[in-house]
Amino acid sequence: MHVTAIANQKGGVGKTTTAINMAAGLANAGKKVLLVDFDPQANASSGIGLNTDEHESSYQALISKLSLAELVVPTRIPQLDIVPAEMDLAGVEIELAGRDDQIMSLRNALAPIKESGQYDFCLIDTPPSLGILMTSALTAADDVLIPLQCEWFGLEGLAKIVQIIQQISQSGSNPDLVIGGILMTMYDNRTNLSKSVVEEVKNFFPEEVYSAIIPRTIRISESPSHGLTIFEHDKSGTGAAAYKRAVKEFLTRH
Ligand SMILES: Nc1ncnc2c1ncn2[C@@H]1O[C@H](COP(=O)(O)OP(=O)(O)OP(=O)(O)O)[C@@H](O)[C@H]1O
Ligand SMILES: [Mg+2]
């Protein structure tokens with residue numbers, strides 16, 4: 001099982017949208033996928049159509065109440081399971097503070113699932129903050145997919161997340177962690193800004209940037225309110241086509 005954290009400490013850049021649609025796209029491509037919602041906002045859980053009140057959250061595994069395997073819930077999409085989140089996950093910062101294995105919590109919780117061999121890929125949706133949830137997710141991951149909004153401020157955020165990834169790998173808690181890719185999101189082909197941001201990022205990270213670029217579309221933004229992936233909500237639209245290309249590229253890279 002290959003574990004990819006979808007991370008960027010900047011808020012609203014398309015992490016959750018990417019987590020949901022990449023997970024669904026990989027499942028549609030015949031892979032067995034586990035999506036771990038690791039954000040107290042629980043947007044990935046609700047965005048895929050789950051009522052989070054009805055399920056235990058990933059928090060239970062972190063405080064060692066339940067195993068992660070016990071928290072897995074199937075989705076209506078064949079081959080795609082999810083470990084949902086809930087607001088209680090926000091309490092993990094306090095709960096784990098002072099425990100010396102805190103950064104390893106998710107890695108340890110994932111280990112039995114990894115060993116079981118039941119999934120090809122695990123995608124972790126992370127919150128927009130630099131706390132213990134983000135660092136635990138980066139410690140649990142083999143690589144990081146960074147969604148980057150095609151806006152000027154996106155570039156500033158990129159330097160920060162790259163630095164964090166380096167710190168995690170140099171700290172020894174996850175020496176093999178690498179950037180698996182940078183996915184440009186919310187591209188607006190009517191603006192020069194979108195074009196120049198993509199060019200700028202390509203200059204610095206020619207290998208990492210996906211050639212698939214996710215356009216800004218109304219269909220993508222409205223799909224979570226219906227609890228649907230873009231492949232269900234608008235399967236022949238430009239958003240679905242772009243995420244399908246990104247999935248294909250993801251599979252080539254892994
Ligand atoms: N390609 C897109 N086109 C249009 N709207 C989009 C696109 N991608 C995401 N959005 C919308 O932008 C908002 C932020 O997206 P999303 O929730 O995926 O970001 P996020 O990085 O997970 O946010 P947070 O940091 O709060 O977790 C949402 O309302 C989402 O529906
Ligand atoms: Mg999110």
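Start at 1 with the first residue, then count along the sequence. Counting starts at 1 for both ligands and their atoms, following the listed order.
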Under 4.0 Å from ligand 1, counting heavy atoms only, is it the side chain of [X], its backbone, both or neither?
X: Ser223; answer: neither
X: Asp39; answer: side chain
X: Gln41; answer: side chain

Can a donor-acceptor pair be found, under 3.5 Å and without considering hydrogens, that links the side chain of [X] to the backbone of [Y]?
X: Asp120; Y: Lys32; answer: yes
X: Glu86; Y: Pro40; answer: no
X: Ser58; Y: Phe38; answer: no
X: Arg253; Y: Gly180; answer: yes

Is Arg245 positioned over the aromatic face of Tyr210, cation under 6.0 angstrom from the ring centre and no more than 45 degrees off axis?
no
Counting heavy atoms only, which of Gly12, Gly239, Pro224, Ala242 comes nearest to atom 23 (O) of ligand 1?
Gly12
Which ligand 1 atoms does [X] reach within 4.0 Å, using its non-hydrogen atoms?
X: Val13; result: 19 (O), 20 (P), 21 (O)
X: Ile214; result: 1 (N)
X: Pro215; result: 1 (N), 2 (C), 3 (N)
X: Gly11; result: 25 (O)

Between [Y] and [X], is there a side-chain donor-acceptor contact under 3.5 Å, judged purely by atom types and distance?
X: Thr139; Y: Asn174; result: no
X: Thr252; Y: Glu249; result: no
X: Ser45; Y: Asp37; result: yes
X: Tyr243; Y: Thr17; result: no
X: Gln149; Y: Tyr187; result: no

Is atom 28 (C) of ligand 1 touching the protein, meaning some protein heavy atom lies under 4.0 Å away?
no
Scan the protein's non-hydrogen atoms and note whether one is under 4.0 Å from atom 2 (C) of ligand 1.
yes
Tell me: protein heavy atom nearest [atom], and distance?
atom: atom 9 (C) of ligand 1; answer: Thr17 OG1, 3.3 Å
atom: atom 10 (N) of ligand 1; answer: Met186 CE, 3.9 Å
atom: atom 25 (O) of ligand 1; answer: Lys15 NZ, 2.8 Å
atom: atom 17 (O) of ligand 1; answer: Thr16 CB, 4.0 Å
atom: atom 11 (C) of ligand 1; answer: Ser221 CB, 4.3 Å
atom: atom 19 (O) of ligand 1; answer: Gly14 N, 3.0 Å

Please verify the inter-ring angle class for Phe121 with His254; under 30° counts as parallel, over 60° as perpendicular, anything in between as tilted.
perpendicular
With a 4.0 Å cut-off on heavy atoms, is Ala19 touching ligand 1?
no
If we only consider heavy atoms of Thr217, is any one of them less than 4.0 Å away from an atom in ligand 1?
yes
Tell me whether Lys244 at atom NZ has more than 12 heavy atoms from other residues, nucleotides or ligands lying less than 6.0 Å away.
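Incorrect, the count does not exceed 12.
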Can you check the number of protein N/O/S atoms within less than 2.8 Å of the Mg ion (ligand 2)?
1
Do you know the tightest heavy-atom contact between Ile113 and Ala69?
CD1-N, 3.8 Å
What pairs of residues pass the salt bridge (Lys or Arg N to Asp or Glu O under 4.0 Å) test when at least one of them lies in residues 188-208, not counting sequence neighbours?
Asp188-Arg190
Just verifying a value: how many Å separate Thr4 OG1 and Asp125 CG, rounded to the nearest 0.5 Å?
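Here the rounded value is 12.5 Å.
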